[in-house]
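Note that the coordinates shown come from a computational prediction; the quantities given were computed from them, not determined experimentally. Naming: A, B, ... by sequence-line order, numbering from 1 per chain.
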Number of protein chains: 2
Amino acid sequence: MSEQTSKHTHVLVIEDQHLMRLALIHELQAALPASIVHGAANVTIALDLLESHQFDLVVIDPGMPGYDPKSQDDRLDVVQVILDLSPDAIHIVVTGSDTDEEWEHCQKLGVVGYLAKNNIRPGALVDVLQEVAERGYSVRLSNETTAPPEFYHSGLTPREQEILGWMRQRPSGISRKDIYEQLGERFDIDAASAEKYYKRARAKLLKTGLLPKGL
Amino acid sequence: MSEQTSKHTHVLVIEDQHLMRLALIHELQAALPASIVHGAANVTIALDLLESHQFDLVVIDPGMPGYDPKSQDDRLDVVQVILDLSPDAIHIVVTGSDTDEEWEHCQKLGVVGYLAKNNIRPGALVDVLQEVAERGYSVRLSNETTAPPEFYHSGLTPREQEILGWMRQRPSGISRKDIYEQLGERFDIDAASAEKYYKRARAKLLKTGLLPKGL
DNA sequence: CAAAATAGGGACAGGGTTGTCCCTATTTTT
DNA sequence: AAAAATAGGGACAACCCTGTCCCTATTTTG
């Protein structure tokens with residue numbers, strides 16, 4: 001048994017794809033300011049952690065090696081075992097190959113969140129957690145989005161990247177100034193600062209000779 | 001046609017899972033200091049970009065929506081189409097469900113890298129690119145690793161996280177001092193600095209009352 | 001026991017990012 | 001033509017992270 005002394009949220013992420021696991025962990029840390037997040041790359045490690053720690057939230061990708069990813073039974077077995085070992089936690093399933101039936105099965109087991117990997121955008125986990133808190137569950141099945149192309153330039157700061165990303169999605173008919181204000185509100189900064197970042201990003205791109213069309 | 005004026009490496013990442021795409025982009029930016037990376041969440045966007053830009057490196061996940069992920073033909077079709085549109089680029093396929101045959105098929109089409117998602121660790125892409133440069137190809141099929149559990153605490157800086165991660169993997173028989181020296185060499189910093197980071201990380205964890213066993 | 005390793009700190013400079021404020025041309029709208 | 005929006009800058013303080021150097025107890029190892 002583990003000490004649950006701290007006020008931190010204890011989270012466990014079970015996912016075999018290293019980059020995806022890290023990304024999920026980052027998302028969760030951003031969503032839960034005071035958090036301790038454990039990562040497990042396979043079921044064995046996960047079971048060890050589940051036995052020695054108590055978690056408030058467990059994120060599971062059932063498509064793990066050692067279990068046939070195409071076998072519905074195997075996938076659900078993984079989920080079942082983990083649920084048995086953490087009965088008090090909130091469980092969210094994340095998968096690359098989602099189906100409606102699997103969600104229903106998971107729900108019967110006690111899972112409250114079911115998310116398709118291609119429908120998890122940066123920052124989306126906050127919404128999911130809130131939805132779970134409010135409605136008791138949250139489902140986001142696979143969804144072919146019409147996301148605009150993205151553009152990343154080494155030499156831009158994260159803020160500049162972010163602001164630029166938003167500006168590139170500016171709908172026609174909306175002035176840049178409006179975007180600045182939206183951004184200011186969203187990031188809780190001055191609209192003038194947002195403007196500044198955009199301009200600096202633009203200047204950097206111009207200097208290197210390549211800025212995407214649409215300015 | 002596009003201007004290839006700059007000295008930057010032009011990269012395209014085609015991957016429908018948003019978090020994974022971002023992670024790959026970050027990895028590539030770290031691996032290629034002067035780079036411009038474009039991201040496409042689906043084949044349509046990818047084709048648009050391929051027609052308007054010229055790329056040096058294209059990373060493809062063939063498991064895209066709109067194409068049956070279980071259909072070998074569909075997957076290879078995606079790869080084929082992209083290769084046709086960027087004949088001069090280096091092509092690397094990244095997939096969550098890798099098979100030996102698929103690699104062979106891809107290779108015939110002109111792909112030089114074939115990586116299983118669960119075998120891409122942070123920093124691994126540098127090695128892959130170097131291997132491609134040296135041997136002409138690089139393959140990393142699915143591999144159930146015995147990775148140790150990971151531990152992330154909000155409040156630790158990236159450096160502290162990183163150093164802590166390494167220290168937690170310390171084999172018995174190796175002194176911490178040895179690890180400090182290894183870390184110093186690896187990150188090109190003073191061993192004393194590595195020691196400092198570890199101690200500060202430890203202090204933070206103690207203060208919040210939770211440090212993983214193994215100190 | 002003596003030496004090495006470890007725990008637990010403090011001080012400090014440098015660098016980059018962030019965020020705010022202010023400035024002047026030029027272009028686009030109204 | 002007047003007003004608003006945009007491009008393209010500069011200056012500046014605050015903050016955090018990084019990296020280096022130095023210090024003293026305590027514990028472990030040889």
Student: Send over the distance from A:L156 CG to C:dT17 C1', rounded to a whole Å.
Tutor: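 Result: 13 Å.
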Student: For DNA chain D, find the residues of residues 24-35 of chain A with a heavy-atom distance under 4.0 Å and give them by number; none if there aren't any.
Tutor: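 Those residues whose heavy atoms fall under 4.0 Å from DNA chain D, taken from residues 24-35 of chain A, amount to none.
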Student: Is any NZ, NE, NH1 or NH2 atom of the basic residue among B:R140 and B:E131 found under 4.0 Å from an Asp or Glu carboxylate oxygen of the other?
Tutor: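 Judged by the 4.0 Å cut-off on N to carboxylate O distance, B:R140 and B:E131 do form a salt bridge.
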Student: Taking the six-membered ring of B:Y137 (Phe, Tyr or Trp), confirm whether the NZ or CZ of B:R135 is under 6.0 Å from its centre and within 45° of its axis.
Tutor: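 Pair B:R135/B:Y137 counts as cation-pi.
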Student: Counting only heavy atoms from other residues, nucleotides and ligands, does the tally under 6.0 Å from CD of B:Q169 exceed 12?
Tutor: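 More than 12 heavy atoms, drawn from other residues, nucleotides or ligands, come within 6.0 Å of this atom.
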Student: Please state how far atom CZ in B:R159 lies from atom C1' in D:dC17, giving the value in whole angstrom units.
Tutor: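 Result: 10 Å.
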Student: Side chains of B:R159 and B:S193: any donor to acceptor distance under 3.5 Å?
Tutor: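 Checked: B:S193/B:R159 side chains show no N/O donor-acceptor pair below 3.5 Å.
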Student: Scan B:L24, B:L28, B:I25, B:D56 and name whichever one has a side-chain contact (heavy atoms from CB on, under 4.5 Å) with B:V11.
Tutor: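 Answer to the side-chain contact (heavy atoms from CB on, under 4.5 Å) test with B:V11 among B:L24, B:L28, B:I25, B:D56: B:L28.
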Student: Nearest 0.5 Å please: distance from the CG atom of B:L156 over to the CD atom of A:Q29.
Tutor: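 Result: 8.5 Å between the selected atoms.
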Student: Report the end-to-end axis angle of the helix from C:dC1-D:dG30 to C:dT30-D:dA1; each axis comes from five terminal pairs, and the value is rounded to 10°.
Tutor: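 About 40° separates the two local helix axes.
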Student: Any chance you could list the contact pattern along nucleotides 5-11 of chain C? Use B for base contacts, S for sugar-phosphate-only contacts and - for none, protein heavy atoms under 4.0 Å, 5' to 3'.
Tutor: SSBBBB-
Student: Would you call A:E150-B:R21 a salt bridge at under 4.0 Å N-O?
Tutor: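 Yes.
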Student: Can you give each donor-acceptor pair under 3.5 Å made by side-chain atoms of residues 177-188 of chain A, sequence neighbours left out, with the distance rounded to 0.1 Å?
Tutor:
unit_1 : atom_1 : unit_2 : atom_2 : d
A:D178 : OD2    : A:S175 : OG     : 3.2

Student: Could you tell me whether the phosphate oxygens of D:dG19, OP1 or OP2, come under 4.0 Å of any side-chain nitrogen or oxygen in B:Y197?
Tutor: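 For D:dG19, OP1 or OP2 has a side-chain N or O of B:Y197 closer than 4.0 Å.
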Student: With a 4.0 Å cut-off, would you call B:E15 and A:K117 a salt bridge?
Tutor: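 Between A:K117 and B:E15 there is no salt bridge, as every charged N stays at least 4.0 Å from the carboxylate O atoms.
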Student: Each nucleotide in nucleotides 24-30 of chain D should get exactly one letter: B, S or -. Can you fill that in based on protein heavy atoms under 4.0 Å?
Tutor: -------
Student: D:dC16, OP1 or OP2 - any side-chain N/O from B:T157 closer than 4.0 Å?
Tutor: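 No, because none of the side-chain N or O atoms of B:T157 sits under 4.0 Å from OP1 or OP2 of D:dC16.
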Student: Do you see a donor-acceptor pair shorter than 3.5 Å between the side chains of B:S86 and B:H91?
Tutor: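 There is such a pair (donor and acceptor under 3.5 Å, judged by atom type) between the side chains of B:S86 and B:H91.
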Student: Rounded at 0.5 Å granularity, tell me how far CG in B:D61 sits from CG in B:D16.
Tutor: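 Interatomic distance, B:D61 CG to B:D16 CG, rounded to 0.5 Å: 6.0 Å.
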Student: Could I get the full list of ring-ring contact (aromatic ring centres under 6.0 Å, His included) partners for A:H38, not counting sequence neighbours?
Tutor: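 Once residues adjacent in sequence are excluded, the partners of A:H38 under the ring-ring contact (aromatic ring centres under 6.0 Å, His included) criterion are A:H53, A:F55, B:F151.
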Student: Taking atom types as modelled, find out whether A:E102 and A:Y114 have a side-chain donor-acceptor pair closer than 3.5 angstrom.
Tutor: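 Result is yes, a qualifying pair exists.
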